[in-house]
Amino acid sequence: MSNAKDIFLKEATTASADGPQRIFINKALGGYYANRDIQKARYRDWEKARDAASLAKWTAVNDLANTLETFVKKFEGNGGKVHWARDAAEARNIILKLIADAKAKAVVKSKCMTTEEIHLNDALEKAGYSVVESDLGEFIQQLRGEAPYHFVFPCMHVKREEISALFTKHLGTAPTNSPEELTMIARRHLRQLYVDADVGITGANFLIAETGQISITENEGNARLTAALPRVHIALSGIEKVVKNLDDLSVLLPMLATAGAGQPMTCYNTLYSGPQQPGECDGPKEFHLVLLDNARTQLLADPEQRDALHCIRCGACLNVCPIFKNIGGLAYGTTYQGPIGSVITPHLRGLEQWNHLSGASSLCGACTDACPVRIDLHHHLLHNRRNANQASPNLFDRLFHRGFNFVISRPRLFAFGGRVFRFTLPVLKKIPLPYLSAWLKTRDLPPAPAQSFREQWKESNHG
Amino acid sequence: MRISLFIPCFVDQLAPQVGLASVKVLKKLGHEIEFRSEQTCCGQPSFNSGQWDVAREGAIRTLKVFRDAEVVVGPSGSCVAMIKKFYPELLKNTSHAAEADALAQRTFEFSEFIVRKLGITDVGASLKKKVTYHDGCHAMRELRIKEEPRQLLRAVRGLELIETEESESCCGFGGLFAVKFPMISTAMVQVKGGALARTGADYVVSSDPSCLLQIGGWLTREGKPIRPMHIAEVLAEGLTQ
Amino acid sequence: MANAREEILGRIREALKVTAPKPHFKSESHGATHSINAKPWLPDGGETESARLELLSENLAKLKANLIRVPNAAAANQALAQISQTKNWKKVAYHSHPLVSPAAEALPCEKWEVGASLDKQKLEGCDAGVTSCEALVSQLGSILVSSESSGGRSLSILPHVHVVIATTDQVVADLETCFKQVLEKHRSKLPSMLSFITGPSRTGDIERILVLGAHGPKELYVILIG
Ligand code: SF4
């Protein structure tokens, strides 16, 4: 058994047994469901809009080399500088070097899952920089020393009392139970840090090939400040974030907001096309974009699951996922939690270590229905299971299924086996058989009938 | 019409009453029923476990069983989805692809068959009970069956149909998932079963016997009064042959 | 070692040798080429000017932004003065613009016109930032500001209150139209920042409870002339 799987099983067991926490998460999502439905109803045809969003991403991803090259040319024409990173280490080194070149002391970050993916904070802190996460949720998680719980709602599992205590401990503020006051404490604390920071690091939600702009979506305004006040702006983006043009964005921006957070539009959607221009009164003097591969091209090479690169990280699939809601986001142990994380993590970090995430699903398909860009999420979990079985078959599984197949390929043996099973079931229930005892721990089995359907059919219809 | 019954393996062995009720209803509607005893299991457990080579053998066997059947009807959204949606995927680019597509066209889930294919919503049943309907995920999301079973239930004399807050939530069965990840599966059925119990209905009805096994197993263990019942059993109530 | 750019592009080209099927759509409305024209499926932006104005005010209200409709520039100046008085502003920042300057200059408090270079510490001490905008989008209730039309990047985000002064002919139906206009207007060079502001800054990070004014302005006013 792999290490990641052991940790997952342990964490998932604890979390799924925590009734009050599960109720808390469900309640937190209640408002989202209501708002999402209100906003979806404003679309004249949500399903067709999903088609359009899906097509926009499909077109760019399936012509990725050209789309990227067009983008880069435009971007550099606008005065920005592009850096390519094959993997996480290369991206970290590029960013460290840029910060060193800028002779920076303090770095401010706005929420960016890609920086989580490359473990940037650790590297920056090791190199002696002070790094502050400016998104409220990320700031709280940073103080807690914990990874984000949900890649859109990073601290949705934390109660206000805990946040109050955390602020008292780290910032010395008076305890309060008001989310409003807690938010204001963070606002006041972070203000001066923005003004003092030399370098701002952001992510990017979309790269627009037509214009060479990067688009950043956020609610709080922290990314706007991060890209306005420091001298140097560094953005980190996966290569798959590129789209063809602004028309595509006119579909993707509202859908991202509606699917992920139940909003008509996220509060700030900002397009950056360069550093401060002549005639502009502020903005960074340098604008760098780091384009990251980090195994995305491996996923690209799998045409069956290539659509997973369409993901716009809205988080809708997590919000509707019964697995996520019951085990929470930390159990996954991944940068990207929930269904999309279970699909792509095996590609990004290795199938053998991470295939258990694909197994941990009832394949209900709620994620696929929720996805604004129509990624075939739950079927990809099946594909991962198949690929894992082909790459490194599990002996117990092979024997179990081969044995089962031996029986079901012989109708008379199946009928006989079924009879034996039914008659011995009362005894079988008492011995610790794998699978059966797992079932019986929390659920009953109805008493086995004396006769199977086929036996009764035979008697009543054909004597 | 001559209907060939597709009885999933665990219905055959553990819930034969569902098969018998299906026969009763379809006969009542004036159709001839056959049961081909060479059928066993559709291969879904192996398919879901990533053992596609094993599942493929099951699929090919099932194709053979139903080769010349006019229509195939099964009282399980999940197993019917296996034939309709996943056989074509499993067998694409093989010599069986065309046959898999053809069988997919001729195979129907029980309530889907009655409403969409036969155009009937009232089978003449009566049951004086309060029931709520559980959408099995495969029926709802793979086969897009949502209104059909409700139409059938609304036509049952004396029956009161109420909706559950979590009617679209997965019950947590998921085949071997239920025993490979029992803690998650249990947490899911707690959410589902809890909502069902709060409705005050007498029965939770579904077109999926596997969901009912999970939901019913939990409800009995927890001592909740609401009982599982397959939609075929509901529709067979009060029918005179 | 090949350089990273060439290597990544090489990997991409290699990966794309196998084509992926087009997504299966629920509708047949898409042609073979990439032309999505999704407008008819997205939220309505309003066919007529009055419909657009109605939608805009509805959407702004839902977003908890304050819309003040005024007949002319003089009334706009009054409206700004009114806000300034009720909020008891001590110091206001603005940028030079035909709609903004007269209104800001008439305020009875300390005023600061952000010039060629901006002192961020000073801006942080201001109660409000007054700007113009590029456009308003009725479909979503969004206001498009830019580094060119709105006094740079910070003026519309750093102070606690943001006031936008605009005219009704700046209202466009939807994002698509808005983008078209922007590209047309800035054909030679795009402003380095274009930002759609949709309501005052907000967060739901604490127990998913909505709080306004997370990092950006807690209050957003739109004074709409015409
Ligand atoms: S997979 Fe789809 S639903 Fe999930 S985060 Fe990505 S875009 Fe959103």
Side-chain angles (χ1 to χ4, degrees), chain A residues 9 12-13 16-17 19 22 26 322-323 325-327 359-366 368-369 379 382 384-390 397-398 401-402 404-405 407-411 414-415 418 421-422 434-436 438-439 441-446 448-449 451-458 461, chain B residues 7 9 11-20 23 35 37-41 43 45-52 54-55 57-58 61 89 137-138 140-142 168-191 213-214 216-218 220-221:
Chain A
L9 289 174
T13 305
S16 59
R22 284 163 48 207
N26 237 321
I323 313 292
K325 286 197 276 177
N326 285 311
I327 67 171
S361 164
S362 65
L363 303 172
C364 78
T368 306
D369 270 7
H379 293 145
L382 277 167
N384 279 342
R385 294 181 191 185
R386 178 203 60 204
N387 296 347
N389 173 57
Q390 274 167 4
D397 270 1
R398 286 308 277 174
H401 288 278
R402 273 285 157 213
F404 182 64
N405 190 52
V407 177
I408 62 171
S409 57
R410 292 165 177 77
F414 170 77
F421 177 75
R422 277 181 283 121
Y435 293 174
L436 187 60
W439 177 276
K441 209 170 152 208
T442 52
R443 294 149 289 191
D444 285 347
L445 267 185
Q451 279 191 308
S452 66
F453 174 79
R454 64 183 66 227
E455 287 164 354
Q456 298 184 54
W457 172 268
K458 205 162 160 196
N461 288 276
Chain B
I7 300 295
C9 54
V11 171
D12 179 31
Q13 294 298 325
L14 292 175
Q17 72 282 3
V18 171
L20 297 173
V23 174
F35 174 74
S37 61
E38 320 87 86
Q39 63 179 283
T40 54
C41 168
S46 304
F47 178 74
N48 284 352
S49 300
Q51 317 271 332
W52 287 25
V54 181
E57 292 176 24
R61 271 197 311 273
E89 170 152 15
C137 299
H138 272 119
M140 175 169 60
R141 300 207 178 88
E142 303 292 351
E168 291 195 355
S169 299
C170 177
C171 69
F173 179 68
L176 287 171
F177 166 77
V179 290
K180 284 186 180 170
F181 297 92
M183 66 296 192
I184 309 178
S185 172
T186 300
M188 287 163 73
V189 76
Q190 284 168 351
V191 174
L213 197 68
Q214 162 93 345
W218 185 83
T220 345
R221 176 64 60 90

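Just so it is clear: chains get the letters A, B, ... in the order the sequence lines come, proteins before strands, and each one is counted from 1.
Both the backbone and the side chain of A:Ala366 come within less than 4.5 Å of a heavy atom in chain B. Contacts of A:Glu455 with chain B are absent, with no heavy-atom separation under 4.5 Å from either backbone or side chain. Contact of A:Ile327 with chain B is made through the side chain alone, with heavy-atom distances under 4.5 Å. Contact of A:Asp397 with chain B is made through backbone and side chain together, with heavy-atom distances under 4.5 Å. The contact between A:Arg454 and chain B is made by backbone and side chain atoms together, counting heavy-atom distances below 4.5 Å. Heavy atoms closer than 4.5 Å to chain A are found in the side chain of B:Ile7, but not in its backbone. If you measure heavy-atom distances from B:Glu168 to chain A, you find no contacts under 4.5 Å at all. Proximity to chain B (any heavy atom under 4.5 Å) is restricted, for A:Ser361, to the backbone atoms N, CA, C and O. For A:Lys325, no part lies near chain B; criterion is any non-hydrogen pair under 4.5 Å. Looking at B:Ser169, there are no atoms closer than 4.5 Å to chain A (heavy atoms on both sides), in backbone or side chain. For A:Pro446, the part lying near chain B is the side chain, with the backbone staying farther off; criterion is any non-hydrogen pair under 4.5 Å. With a 4.5 Å cut-off on non-hydrogen atoms, A:Arg398 touches chain B through its backbone and its side chain both.
Closest non-hydrogen pair, A:Phe404 versus B:Pro45, comes out as CE2-CG, 4.2 Å. A:Arg443 and B:Pro182 make their closest contact through NH2-CB, 3.9 Å (heavy atoms, listed as atom of the first residue, atom of the second, distance). Considering every non-hydrogen atom in both A:Arg385 and A:Gly359, the closest pair reads NH2-O, 3.2 Å.
A salt bridge does not link B:Glu89 with A:Arg386: none of the charged nitrogens is closer than 4.0 Å to a carboxylate oxygen.
Your options are B:Gly216, B:Cys170, B:Gly175, and the one with the most heavy-atom pairs under 4.5 Å with chain A is B:Cys170. The candidate with the highest count of non-hydrogen atom pairs below 4.5 Å against chain A, out of B:Ala55, B:Gly58, B:Cys137, is B:Cys137.
Taking the ring-ring contact (aromatic ring centres under 6.0 Å, His included) definition, one finds that B:Phe47 meets it with B:Trp52, B:Phe86, sequence neighbours left out. Taking B:Glu57 as the reference, A:Arg402, A:Asn405, B:Arg61 meet the side-chain contact (heavy atoms from CB on, under 4.5 Å) condition, with sequence neighbours excluded.
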